[in-house]
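Nothing here was measured: the structure is a model prediction, and the numbers come from that model. Quick note: numbers below take in every heavy atom, side chains included, and nothing from hydrogens, waters or symmetry partners.
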Amino acid sequence: MQNCPTKRLADWLDKGRFFNYKRHQVFYREGGAGETLLLIHGFPTASWDWHLVWEQLTRHFHVIAPDMIGFGFSDKPRNYHYDIMDQADLHETMLSKMGVRRCHILAHDYGDTVAQELLARWLLRRDTPLQGLTIQSVTLLNGGIFPEMHRPRVIQKILASPFGAMLAPLMGKRQLTRTFKNIFGKNTQPTADEMTEYWHLVARNKGKYRIPQLIRYMEQRRTHRERWVGALEKCPLPLWHINGEADPISGRHAGSYLEKKIPQAHVRFLPEIGHYPQVEAPQEVLLHFLQAMEKAGR
């Protein structure tokens, strides 16, 4: 089982591959055929977040889902500058190595911000002769799309503070479980096995010690708000947002704000669903996403 706590997580690892990025090993899953769909996971988990929608998505798309550097089964180097710009570079590098020039994007949480950066880059080069990734559509799940509407948990604020490095070694599965139970819907709580899998992905390769470095993304969102929110405001592509309403971090309040600020976006709300719609309501997410792709004329 390759040191994995459950058979299904071991299977996910066994069916994946690794590519080299800045001399570090980055894990990814790939499957299906057709137009490429890039799945970008959230914080603090990994591509495993997509396992409940994977099979059905691969029936419609050529699907690629990496664990970003610092996450999941990928390397988690200690002396590394973790930031959103670099994670966007990672995705572009991976797709370039695979010969992928065009893709749809489905992202969640931290991945929303990476998607916004990829969109900002595409907007800058689409009217120039510069070569690069062409984005065909963007679908965002719950995340800090607008930094002013992001409501981080107390533990996130502490980890992002100067005390974060002292707190990280004390973190364990119990703390992660408590946090996840607070951000999932009351009727869609994670199981004990799921929390064991999540914690394994976080802690693997001394990952919990990287959390204070990774969580700097919250500050980066504020710093680059004009660029990343501006990318959505200027987006001429099919743009969707699927929102778990019960999420205290980026739920109904954030989805309604997006609906108001980005009128061209199509917003779908999932009642009683929390921060992880693709885990809590996978069939609903698939239904809305595939309907969105059909409307886009894919």
Got [X] and [Y] here, is their nearest side-chain heavy-atom distance under 4.5 Å?
X: M68; Y: Y21; value: no
X: M171; Y: L159; value: yes
X: V100; Y: H62; value: yes
X: I69; Y: Q87; value: yes
X: L118; Y: I135; value: yes

Show me the donor-acceptor pairs within less than 3.5 Å that the side chains of residues 280-292 make with the rest of the protein, sequence neighbours left out.
residue: E280; atom: OE1; partner: G185; partner atom: N; Å: 2.8
residue: E280; atom: OE1; partner: T188; partner atom: OG1; Å: 2.4
residue: E280; atom: OE1; partner: G274; partner atom: N; Å: 2.9
residue: E280; atom: OE2; partner: G274; partner atom: N; Å: 3.3
residue: E280; atom: OE2; partner: H275; partner atom: N; Å: 3.3
residue: E280; atom: OE2; partner: Y276; partner atom: N; Å: 3.0
residue: Q283; atom: OE1; partner: Q56; partner atom: NE2; Å: 3.1

Looking at W12, is R29 sitting on its ring face, NZ or CZ under 6.0 Å from the six-membered ring centre and within 45 degrees of the normal? yes

Is it possible for you to check whether R216 lies under 6.0 Å from the centre of the six-membered ring of Y82, through NZ or CZ, and within 45° of that ring's axis? no

Taking ring pair (Phe, Tyr, Trp, His ring centres under 6.0 Å) as the test, write out the residues that go with [X], two or more places apart.
X: H51; answer: W48
X: F18; answer: F27
X: W199; answer: none

Near Q189 CD, under 6.0 Å, is it more than 12 heavy atoms from other residues, nucleotides or ligands?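 Counting neighbours around CD of Q189, more than 12 heavy atoms of other residues, nucleotides or ligands fall under 6.0 Å, so yes.
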
Within the 6.0 Å centroid threshold, strictly below: Y110 and H41: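 No: the rings miss the under 6.0 Å criterion.
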
Does K22 pair with D86 as a salt bridge, N-O distance under 4.0 Å? yes

Output, in order, the C-alpha distance, side-chain angles, deciding distance and verdict of salt bridge (charged side-chain N to carboxylate O under 4.0 Å, His left out) for R204 and D67. CA-CA 12 Å; R204 187 182 177 95; D67 287 358; over 6 Å; no

For the residue pair [X] and [Y], what are the closest heavy atoms and their distance?
X: A65; Y: W54; answer: CB-CZ3, 3.8 Å
X: L176; Y: P44; answer: CD1-CG, 4.3 Å
X: P66; Y: S47; answer: O-CB, 3.6 Å

Checking one residue: F163. Which other hydrophobic residues are in its cluster under the side-chain 4.5 Å linking rule? M166

All salt bridge (Lys or Arg N to Asp or Glu O under 4.0 Å) counterparts of [X], not counting sequence neighbours:
X: E30; value: R17
X: D11; value: K7
X: K261; value: none
X: E272; value: none

Do W228 and E117 pair up side chain to side chain, a donor and an acceptor below 3.5 Å, judged on atom types alone?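 Looking only at side-chain atoms, E117 and W228 do form a donor-acceptor pair, the distance falling under 3.5 Å.
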
What residues, two or more places apart in sequence or in another chain, satisfy side chain to side chain contact (heavy atoms under 4.5 Å, CB included) together with S96? none

Residues 137-150 side chain polar contacts: donor-acceptor under 3.5 Å, at least two apart:
residue: S137; atom: OG; partner: H104; partner atom: ND1; Å: 2.7
residue: N142; atom: OD1; partner: G244; partner atom: N; Å: 2.7
residue: N142; atom: ND2; partner: G244; partner atom: O; Å: 3.0
residue: N142; atom: ND2; partner: D247; partner atom: OD2; Å: 3.1
residue: N142; atom: ND2; partner: S250; partner atom: O; Å: 3.2
residue: E148; atom: OE1; partner: R225; partner atom: NE; Å: 2.9
residue: E148; atom: OE2; partner: R225; partner atom: NE; Å: 3.4
residue: E148; atom: OE2; partner: R225; partner atom: NH2; Å: 2.7
residue: E148; atom: OE2; partner: Y257; partner atom: OH; Å: 3.0

Side chains of residues 177-184: which donor-acceptor pairs under 3.5 Å do they make with residues two or more places apart or in other chains?
residue: T177; atom: OG1; partner: K173; partner atom: O; Å: 2.8
residue: R178; atom: NH1; partner: Q175; partner atom: OE1; Å: 3.1
residue: T179; atom: OG1; partner: Q175; partner atom: O; Å: 3.1
residue: T179; atom: OG1; partner: Q175; partner atom: NE2; Å: 3.3
residue: N182; atom: ND2; partner: R178; partner atom: O; Å: 3.2

N/O donor-acceptor pair under 3.5 Å between T58 side chain and E55 backbone: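 Side chain of T58 to backbone of E55: a pair is present.
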
Could you tell me whether a side-chain N or O of K76 sits under 3.5 Å from a main-chain N or O of R210, the two making a donor and an acceptor? no

